[in-house]
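Take a look at the structure set out below.
Sequence positions, counted from 1, serve as the residue numbers for this chain. A quick note: this is a predicted structure, and the numbers were derived from the prediction, not measured.
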Amino acid sequence: MLYFLLFVSGPTFGTLCYGWQVWDRAHRWRSVEAVTVSSDYSEAERLDDTRPFASLRLHPFADGRIGRYTKVRIDYADATGRHHQATVDWEVRRGKTVMPTMRVFYDTRDPGRVALFGPMGAAFWCFVWAAVLVYMLWLSPEIATLSR
């Protein structure tokens, strides 16, 4: 019983939560092309990121990251044609400019809610938790015989 509570209920809960997110995003979220309005990644910062030692940020370029997160203001139209604006966090590769357009997903119940990733991220984690759950259920008879 303790094995079930510790090792099976967690993966079950994870599979159900991420499975619900996959279903919700697949049925209620829509994909749309958004236009970039503005960004907090300035031209000076972009040029500074191309140097070996970034003088504006006062730390070396070789800090292990290939990009930096910026706040990007986007404009998109929902299925009814109404335009909405939202701010998203986007990772820009060092020295590159922010993309002029990007694909985003918006909630049809509340078009102001925007996500950069659709159901695929939640589907990945649902698959991982389901695999862990199957492994724990497959392993449970072997552990039960060891405790006798």
Non-hydrogen atoms of [X] and [Y] that approach each other most closely:
X     : Y      : value
Ala34 : Val104 : CB-CG2, 3.9 Å
Thr15 : Ala130 : OG1-N, 3.2 Å
Ala26 : Pro119 : N-CB, 4.3 Å

Let me confirm one number: the [atom1]-[atom2] distance from [X] to [Y], rounded to the nearest 0.5 Å.
X      : Y      : atom1 : atom2 : answer
Arg73  : Ser39  : CZ    : OG    : 12.5 Å
Thr36  : Met99  : OG1   : CE    : 7.0 Å
Trp29  : Gln21  : CH2   : CD    : 9.5 Å
Asp78  : Asp107 : CG    : CG    : 11.5 Å
Thr101 : Glu33  : OG1   : CD    : 4.5 Å
Leu16  : Ser9   : CG    : OG    : 11.0 Å

[X] with [Y], same ILVMFWY side-chain cluster at under 4.5 Å:
X      : Y      : value
Ile74  : Val92  : yes
Tyr106 : Val22  : no
Tyr18  : Phe105 : no
Val88  : Tyr41  : yes
Leu116 : Trp125 : no

Could you tell me whether Asp24 and Arg28 make a salt bridge, using a distance below 4.0 angstrom between a side-chain N and a carboxylate O?
yes
Give the C-alpha distance, both sets of side-chain angles, the deciding distance and a yes or no for side chain to side chain contact (heavy atoms under 4.5 Å, CB included) between Val8 and Leu137.
CA-CA 7 Å; Val8 176; Leu137 289 175; 3.8 Å; yes
Is there a donor-acceptor pair closer than 3.5 Å between any side-chain N or O of Arg25 and the backbone N or O of Gly121?
no
Looking at Thr70 and Val72, would you say the former's side chain and the latter's main chain have a donor-acceptor pair under 3.5 Å?
no
Take atom CZ in Arg109; do more than 12 heavy atoms of anything else shown fall under 6.0 Å from it?
yes
If you count the non-hydrogen atoms of other residues, nucleotides and ligands that lie under 6.0 Å from CZ in Arg103, is the total more than 12?
yes
Assess the side chains of Thr108 and Arg30: does a donor N or O sit below 3.5 Å from an acceptor N or O?
no
Non-hydrogen side-chain atoms of Asp75 and His84 separated by less than 4.5 Å:
no
